[in-house]
There are 2 protein chains.
Amino acid sequence: MSTIKDIAKYTGLSVATISKYLNGGNVLPENRKLLEKAVKKLDYRMNHIARGLKTRKSLTVGVLIPRLNNIFYSTLISHIEIALSAAGYSTIICAYQDDPDTELARLDFLLGKGVDGLLFIPLGSSSKCFNLLTASNVPVVMVDRTFEGIECDAVLSDNFGAAYNTAGYLSQNGHRRIGVILGPEGVYTADERHQGYTQAVRDFNLDPEPELIQRGNYGIDSGRSCMEKFLSMKNRPSAVFVTNYEMTIGAIIALEYGNIKIPDEVSIIGFDNLELAQTIKPPLTIVTQRLNKIAVEAVKLLLDRLRGNSGDNVTVKKFSTELIVRDSVKRI
Amino acid sequence: MSTIKDIAKYTGLSVATISKYLNGGNVLPENRKLLEKAVKKLDYRMNHIARGLKTRKSLTVGVLIPRLNNIFYSTLISHIEIALSAAGYSTIICAYQDDPDTELARLDFLLGKGVDGLLFIPLGSSSKCFNLLTASNVPVVMVDRTFEGIECDAVLSDNFGAAYNTAGYLSQNGHRRIGVILGPEGVYTADERHQGYTQAVRDFNLDPEPELIQRGNYGIDSGRSCMEKFLSMKNRPSAVFVTNYEMTIGAIIALEYGNIKIPDEVSIIGFDNLELAQTIKPPLTIVTQRLNKIAVEAVKLLLDRLRGNSGDNVTVKKFSTELIVRDSVKRI
DNA sequence: CTATTAAGCCTAAACGTTTAGCTCTATTAT
DNA sequence: ATAATAGAGCTAAACGTTTAGGCTTAATAG
């Protein structure tokens, strides 16, 4: 592996000149030619570690997420990775397996690795994580979830609006008893959606019965059992809104097992996965998040920080969700 | 950010001693105490970049995969990330979006980043990639797919056996017309499964009709259209074997739309995703790959190489797949 | 024709570690 | 008592870059 010094020897130029050349500086045309030749001949490749030591940049961004074996996160990461790599950054991914201790450990690990910045989907409101972050002074952008009451760049879905508008849409279609299958209490997105739902219940005069709110754990089975609870009620909801992909699958399965006709017996609005919703029978009305936009915006925000062209005040962006109307909601 | 030098100043010891201490070497008990105190007081954190420059190790492994927005890959990566991080390595993930040019570019990028080793799910048989790899001298372990006829550590599923045994199982259950929905020609796994299937056709005297072999692109829609082709045949297959998760979903949807009863009218064997297969109706008989074992073994192989305790000859491990029998195959 | 400026290049010091090889002290063997 | 040895620490060079500041040469202004 040849270094800048080898090139210096080969060309007779100094390392400083070569460094300048490599970084796009001006050199005499003849030298430029010479250098191009030398680089090719010696198969020179920049040592990014050495450069990083000097410049204090690693051109690496850490991405800290709850889990990787989940289509929502992996899709998000997919977009993030594409955007980051287009900007010349590499992506170190750490998953903390939904565990707060691991979350802290992996955060520490990433900071120790010298990442230039961080994209973070936090578990909850672990103040330890936040302390570590502020102490480290590494720019961070929260994605999908954020810490309540803390000054930090963030890119989120409008979860409140998603739930509010979905309930509103169902209300417009004549539904008054609207079940919702939410994620676990304490999880940022689930709490926001909860608030949106309850606000809609008030604003649209929906049936406020507490059993209409079911809590799952974002897994397939929990979606199924929540839906089964709805089905076993003496007074079933006429429509159910499910708030993530896996639970949507589970809910559909419960309906199939119960031989419940969609949307004649129960209307349903699912979440996220477009591909599945298109192919299922009947085509599912769903709420989708703009994952691509979220990812791109988060990366943009982070790069702005890294390049120092974002002011002192933090930016919080919320992307609206989209209601894709198909055939799983009945007008009553 | 304090450095080893600051600690030297603080303790009066030399940087060499401190380095030794930090790397687990022996120091006098009193000095050890002093150093512990200093590290805490000055909040010292190792600069891995500087260390990497000197040791020529980055403690970073590159993972190069076709795509990230796919449950198969992301599950695999999830296990890989867990295993690597347990060994103190960080994981740089690059996805090449199923594109050969991008594959080469990302490989180049990773090698330039100075990863210590590489886990690689290659697209096909791009010799350019292989040249780059051998030139770089970076240890690499192929995962899930490998280059034909090339000496390289690899950890694979027994794709041939998976297809062969699945067809065998269907044959045992009295099926002679067995449809298979394969991935694209030229993709390593798809080709192996193809061979396993055709071998089974010969060995078990199955119906050798070419239309019983359909090729999808591993996406939901293609699974659906392949299954629809089967359903539109005058002489339908009595059983269909689908060779990945997404196409399995698509195939099921096609059956539902066609109001085809599983397994009474068509038997089906799906692939991979346990969670879905358990919850679907009827519970699906599926072939699963041992993703966890594959990931762990691949990481082990790579770490062995990195630590220099693997001989000169390459290791290729094949993990058998598992047939999980449920209710989607009819005995006829 | 001289003074000024700019371009291009160079020297040398850094960045934060590791490590070979040396010194000093204390212990053990003879 | 002396020689040999081991343990602990130190010095200084190295890893491959970047970069401030200085030097030389040529171009431009007066």
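These numbers come from a predicted model, not from an experiment. Chain identifiers are assigned alphabetically (A, B, ...) following the order of the sequence lines, protein sequences preceding nucleic acid strands; residue numbering begins at 1 within each chain.
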Next item on the list: Look only at the side chain of D304(B) and the backbone of N309(B), and say whether a donor-acceptor pair between them is shorter than 3.5 Å.
Entry: no
Atom CZ of R45(B) and atom P of dC15(C) are separated, to the nearest Å, by 20 Å
Quick note, L13(A) side chain, CB onward, closest among dT17(D), dC10(C), dT11(D) is dC10(C)
L59(B) atom CG is separated from dT17(C) atom P, nearest whole Å, by 14 Å
Assess whether salt bridge (Lys or Arg N to Asp or Glu O under 4.0 Å) is satisfied between K128(A) and D108(A), documenting all intermediate values. CA-CA 10 Å; K128(A) 278 188 189 167; D108(A) 195 52; over 6 Å; no
With sequence neighbours left out, the residues meeting side chain to side chain donor-acceptor pair (under 3.5 Å) with S85(B) are R106(A)
### Query
Under 4.0 Å: is that the gap between some side-chain N or O of T17(B) and OP1 or OP2 of dG9(D)?
no
Of dG16(D), dT18(C), dT11(D), the nucleotide closest to the side chain of A16(B) is dT11(D)
Side-chain contact check for T3(A): nearest option of dT18(C), dT17(D), dC10(C) is dT17(D)
The residue, S14(B) or Y44(A), whose nearest nucleotide of DNA chain D is more 5′ is S14(B)
Side chains of Y218(B) and T189(B): donor-acceptor distance under 3.5 Å anywhere? yes
### Task
Might you confirm whether atom CD of E151(A) has over 12 heavy atoms from other residues, nucleotides or ligands at distances under 6.0 Å?
no
In whole angstroms, the gap separating P of dT18(D) from CD1 of I7(A) amounts to 12 Å
Expected list for residues 20-37 of chain B near DNA chain C, using heavy atoms below 4.0 Å, is N23(B)
- Query: Without hydrogens or angle criteria, can the side chains of N69(B) and T75(A) be said to hold a donor-acceptor pair below 3.5 Å?
  - Reply: no
query = With a non-hydrogen cut-off below 4.0 angstrom, is G12(A) in contact with a base, only sugar-phosphate, or nothing?
reply = sugar-phosphate
Self-check item: Under 3.5 Å side-chain donor-acceptor pair for S157(B) and Q289(B)
Solution: yes
Greater than 12 external heavy atoms within 6.0 Å of K318(B)'s NZ: yes
note: I18(B), atom CD1; dT19(C), atom P; distance rounded to Å ~ 16 Å
So, with a heavy-atom separation below 4.0 Å from DNA chain C, the residues of residues 47-56 of chain A are L53(A), K54(A), R56(A)
Exactly one candidate in D153(B), T315(B), D116(B) meets side-chain hydrogen bond (donor to acceptor under 3.5 Å, both in side chains) with R305(B); the answer is D153(B)
Whole-Å distance, K9(A) NZ to dG16(D) P, equals 11 Å
